[in-house]
Number of protein chains: 2
Amino acid sequence: MGVPANQRATDSSAGDPKAGDSKAACSKALDTKQRILEAAEALFVERGFSGASLRAVTGAAGVNLAAVHYHFGSKEGLLHALLDQHVGPINQDRLERLLRLEAASAPAAPSAEAVLRAFIEPALMRERGRDPQRVRSLLGRIYGEPPHLVGPLVEREFGALGRRFVEALERSLPQLPRDELRWRFQFVVGALLYVISGNAGLALQFGPELGRASTEELVELLLGFVEAGIGAPARASRAEGTE
Amino acid sequence: MGVPANQRATDSSAGDPKAGDSKAACSKALDTKQRILEAAEALFVERGFSGASLRAVTGAAGVNLAAVHYHFGSKEGLLHALLDQHVGPINQDRLERLLRLEAASAPAAPSAEAVLRAFIEPALMRERGRDPQRVRSLLGRIYGEPPHLVGPLVEREFGALGRRFVEALERSLPQLPRDELRWRFQFVVGALLYVISGNAGLALQFGPELGRASTEELVELLLGFVEAGIGAPARASRAEGTE
DNA sequence: CACAGAATCAAACGGTCGTTTGAAAGATTG
DNA sequence: CAATCTTTCAAACGACCGTTTGATTCTGTG
């Protein structure tokens with residue numbers, strides 16, 4: 001009795017012990033787990049990670065408070081599971097699109113526009129059947145958390161993929177200094193995250209008229225902006241020694 | 001005894017009652033107030049508003065816990081005072097530059113590049129004698145807080161100014177549809193805020209090499225990006241009725 | 001049915017939070 | 001000095017936090 005699943009908090013082995021178990025002894029367990037994830041998603045987006053208490057999460061999910069620690073080990077474990085479920089597929093989609101692009105353009109590099117589209121579209125388009133705004137906002141809100149919490153998370157969920165896209169963009173724009181391109185990629189990420197975490201300070205600045213853009217329109221608007229920005233002529237020889 | 005300054009929390013009248021008082025009965029009071037503000041600035045940046053406790057703030061400042069409520073009325077009052085002290089001057093600088101630009105360009109509108117520079121430079125350059133990174137990061141970190149907290153704050157500190165800059169940009173780029181320009185301005189704000197709140201997930205993505213850019217270089221890099229982005233050709237007639 | 005393991009539950013743990021209180025200390029004016 | 005106001009202080013308030021516990025219920029197997 002006691003602590004069957006809690007070692008997941010310190011156990012870094014991949015795979016869900018319950019999903020990997022062939023015995024289907026989890027009729028209500030999966031329901032509880034999923035309900036916690038959905039409630040946590042909504043509340044983390046609404047109030048942030050620190051601002052959403054586990055009592056609020058479990059209360060909204062209609063499950064017991066201790067269920068979080070039983071299934072996820074801790075509050076941070078819940079956040080990890082949430083990110084694995086949501087931004088994992090987004091990043092996988094991004095990577096697949098990038099690989100397909102690179103394969104299609106033969107030995108040449110794909111255009112920067114195509115690479116940016118592969119980076120941005122999955123983040124904004126993946127609707128998952130629910131309210132798309134909610135899904136998209138999670139990542140944006142997480143980025144706003146204090147660095148000591150968000151740092152390892154970002155590296156874990158996004159680090160390798162971000163570097164991979166920068167490498168692709170370097171091949172698409174070989175004439176651009178490397179560090180200038182990296183900064184510009186950061187600007188792209190910033191604009192994207194600001195749009196993703198959007199509902200906060202934007203719509204209230206000009207009234208609801210701004211929120212009217214559909215997801216597809218928004219993708220095109222953002223892409224038009226960042227394509228022009230990342231393809232802008234390089235600043236005059238600002239500093240040598242790009243390393 | 002009791003509550004002489006606490007009404008500041010609900011009192012929205014401008015001006016500091018102590019600064020306006022001609023009697024200089026505040027030898028240690030201003031020290032305490034300023035020390036609280038500096039400690040709060042550092043801790044809010046480091047851990048966020050929700051993550052930084054008043055006990056940590058007053059402990060770092062070396063003052064009594066109750067001093068915060070005596071001088072600022074509440075934790076939110078402290079945040080308001082912090083923003084008034086820091087982003088107030090930044091926005092004032094922005095507005096002065098914009099007005100000077102508009103006056104200098106006679107009846108014609110100033111260029112979008114100049115307007116963007118007036119918007120971005122004060123946010124990145126104002127060093128105030130201290131660690132510039134710390135000053136800059138506050139606003140970025142605040143933006144990551146939950147909407148119900150950050151919403152009124154953003155409108156109060158930034159709303160009118162943001163609308164004013166959008167109007168100026170509309171005159172600089174009359175051929176661009178109004179809502180497309182407004183979205184692009186949001187992208188600019190996003191990129192700027194991401195850079196401002198920077199140290200979080202960016203430098204650790206490529207190692208410290210990225211953090212090497214000086215403030216002046218960073219301004220030029222960001223300006224090159226957003227100038228190209230906001231001046232990109234408009235998307236084909238996407239929707240009529242710009243209202 | 002008996003029995004193991006998985007899952008849920010109410011209750012409490014120690015701790016920290018923002019805020020309040022009322023008295024002590026300091027400064028200012030007559 | 002005495003009176004009055006401003007400022008500081010230690011201590012506590014009630015509430016909420018993440019986490020743990022141990023019993024209880026549910027579920028599927030032999």
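What you see is a predicted model, and the numbers here were worked out from it, not measured in a lab. Each chain gets a letter, A, B and so on, in the order the sequences are listed, and its residues count up from 1.
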Report yes if a side-chain nitrogen or oxygen of [X] is closer than 4.0 Å to either non-bridging phosphate oxygen (OP1 or OP2) of [N]; otherwise report no.
X	N	answer
A/T32	C/dT8	yes
A/H71	C/dT8	yes
A/N64	C/dA10	yes

**Request:** To the nearest 0.5 Å, tell me how far A/E38 CD sits from A/L82 CG.
**Result:**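 A/E38 CD to A/L82 CG: 10.0 Å, rounded to 0.5 Å.
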
**Request:** If the plane angle is over 60° it's perpendicular, under 30° parallel, otherwise tilted; pick one for B/F49 and B/F44.
**Result:**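 Taking B/F44 first and then B/F49, their aromatic rings stand perpendicular (interplane angle over 60°).
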
**side chain to side chain contact (heavy atoms under 4.5 Å, CB included) partner of A/F187, chosen from B/V226, B/V188, B/L222, B/L192** =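 Filter result, single survivor: B/L222.
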
**Asked** Expressed in angstrom and rounded to an integer, what is the separation of B/Y70 atom OH from C/dG22 atom C1'?
**Response**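 Distance, rounded to whole Å: 15 Å.
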
**Spacing of A/D31 atom CG relative to D/dT27 atom C1', expressed in whole Å** =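 Answer to the nearest Å: 14 Å.
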
**Asked** Are side-chain heavy atoms of A/E96 and A/N91 found at a separation under 4.5 Å?
**Response**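 A side-chain contact under 4.5 Å is absent here.
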
**Item:** B/V166 vs B/Q186 side-chain heavy atoms within contact, under 4.5 Å
**Value:**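 Of all side-chain heavy-atom pairs linking B/Q186 with B/V166, none is under 4.5 Å.
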
**Prompt:** Is B/R184 positioned over the aromatic face of A/F225, cation under 6.0 angstrom from the ring centre and no more than 45 degrees off axis?
**Reply:**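 No, B/R184 and A/F225 do not form such a contact.
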
**Prompt:** Could A/E121 and A/R97 be called an ion pair, given the rule that one side-chain N must be under 4.0 Å from one carboxylate O?
**Reply:**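 Counted as a salt bridge, because a side-chain N and a carboxylate O are separated by less than 4.0 Å.
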
**Item:** Listed partners of A/A56 passing side-chain contact (heavy atoms from CB on, under 4.5 Å), at least two apart
**Value:**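 With sequence neighbours excluded, A/A56 shows a side-chain contact (heavy atoms from CB on, under 4.5 Å) to A/L43, A/R47, A/S53, given in chain and number order.
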
**Item:** End-to-end axis angle, where each axis spans five pairs of the helix from C/dC1-D/dG30 to C/dA27-D/dT4, to 10°
**Value:**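 The end axes of the helix from C/dC1-D/dG30 to C/dA27-D/dT4 are about 0° apart, to the nearest 10°.
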
Expected rows: protein N/O vs nucleotides 15-19 of chain D N/O, under 3.5 Å:
unit_1 : atom_1 : unit_2 : atom_2 : d
D/dC17 : OP1    : A/S53  : OG     : 2.7
D/dG18 : OP1    : A/K75  : NZ     : 2.6
D/dG18 : OP2    : A/L54  : N      : 2.8
D/dG18 : N7     : A/R55  : NH1    : 2.7
D/dG18 : O6     : A/R55  : NH2    : 2.5
D/dT19 : OP2    : A/H69  : NE2    : 2.9
D/dT19 : OP2    : A/K75  : N      : 2.9
D/dT19 : O5'    : A/H69  : NE2    : 3.3

